[in-house]
Amino acid sequence: FNVAIGPDAGAAITTGTQNTLIGSLAGDAITTGNNNTALGYNALTANTTGEDNIAIGCLAIADNTTGSNNVGIGREALEKNTTASNNTGIGHQALAVNTTGTSNVAMGANALDANTTGNGNTAVGYTAGSAINTGNFNTFLGKSAGSSNTTASSNTFVGERAGLYNTTGDESVAVGQFAYSANTTGVDNVAIGRSALAANTTASNNVAVGRAALGANTTGTNNTAVGS
């Protein structure tokens, strides 16, 4: 059985079952999809055969057609998702323009909100990873962590503004407030500690451990510094 409350909620259902649709136009295109939950105006409004989705908020997962196992909570969370599956977006516009990227997790307003086809990214915090579009397998934890990252992959940035200006640099680790915050294209760097490698821009293969370690380094490569 299905539960549909609101104008045109669940209006197209044919054989789909166990759907709960509350709000004007909530899940109104579902035909054979099962086990979906939509709460809010236009939530899951384009979904036809997608299953096991949870959409809570105005326009949450609104453009999804066949994607399954997605969770979008917040206004416009996962709004542009069409066929992708296994994504979680919690917060205003979290993963808002994701179309076919899969297995992403975004928690926080505007987290991963530019991601389109990137896979396997995790961003937790306000605007964390907010510029990424096609980068894969990144982890950003903290306010604005990795927020300029666009196509870079396999980075881990933890702390407020960690890796803030990194755009295309891959496979780096930054832990601490402002750590690695000026880097743009450098790769294979490790910065642990507040402001470690903070001025690094394009240099690669550096290791800095400690408060402000290698903090003035900009383009020097293959350095190791331990201690503040």
**Q** Taking side chain as C-beta onward, heavy atoms only, is T49 less than 4.5 Å from T31?
**A**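 Touching, per the 4.5 Å side-chain cut-off.
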**Q** Do the side chains of E171 and V187 get nearer than 4.5 Å, heavy atoms only?
**A**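 A side-chain contact under 4.5 Å is absent here.
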**Q** Can you tell me which residue among E79, E76, R75 is in a side chain to side chain donor-acceptor pair (under 3.5 Å) with Q93?
**A**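 Exactly one candidate clears the test, E76.
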**Q** Which heavy atom of S181 sits nearest a heavy atom of A198, and at what distance?
**A**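 Looking at all heavy atoms of both residues, the closest pair is OG-O, 3.7 Å.
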**Q** Any chance the side chains of T127 and S144 put a donor and an acceptor closer than 3.5 Å?
**A**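 Their side chains do contain a donor-acceptor pair, which is all the 3.5 Å distance test asks for.
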**Q** Between S24 and D8, is there a side-chain heavy-atom distance shorter than 4.5 Å?
**A**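 Side chain of D8 against side chain of S24, heavy atoms only: no contact under 4.5 Å found.
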**Q** Are side-chain heavy atoms of T83 and T65 found at a separation under 4.5 Å?
**A**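 Heavy-atom side-chain distance check passes, below 4.5 Å.
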**Q** Is the side chain of T122 donor-acceptor paired with the backbone N or O of V105 at a distance under 3.5 Å, no angle test?
**A**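 Side chain of T122 to backbone of V105: no pair is present.
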**Q** When you check the side-chain N and O atoms of D28 and T45, is any donor under 3.5 Å from an acceptor?
**A**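 Present: a donor and an acceptor within the cut-off.
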**Q** Any luck finding a side-chain donor-acceptor pair between E51 and N35 under 3.5 Å?
**A**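 Side chains of E51 and N35: no pair found under 3.5 Å.
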**Q** Counting distance only, does the side-chain N/O of N19 pair as donor-acceptor with the main-chain N or O of G33 below 3.5 Å?
**A**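 Checking the backbone N and O of G33 against the side chain of N19, a donor-acceptor pair under 3.5 Å is found.
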**Q** Do S153 and N136 touch side chain to side chain, with heavy atoms closer than 4.5 Å?
**A**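 Touching, per the 4.5 Å side-chain cut-off.
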**Q** If hydrophobic clusters are built by linking Ile, Leu, Val, Met, Phe, Trp and Tyr wherever their side-chain heavy atoms come under 4.5 Å apart, do F157 and V124 end up in the same one?
**A**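 No; V124 is not reachable from F157 via cluster members.
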**Q** Check for me, please, whether Y126 and L164 land in the same ILVMFWY cluster - side-chain distances under 4.5 Å, paths through other members count.
**A**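 No, no single cluster joins them.
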**Q** So, T102 and N119: side-chain donor and acceptor under 3.5 Å apart, yes or no?
**A**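 Note: T102 and N119 side chains meet the donor-acceptor criterion.
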**Q** State plainly whether one hydrophobic cluster holds both Y180 and L214, where clusters connect Ile, Leu, Val, Met, Phe, Trp and Tyr through side-chain heavy atoms under 4.5 angstrom apart.
**A**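 Yes, it is one cluster - the side chains of Y180 and L214 are joined through contacts under 4.5 Å.
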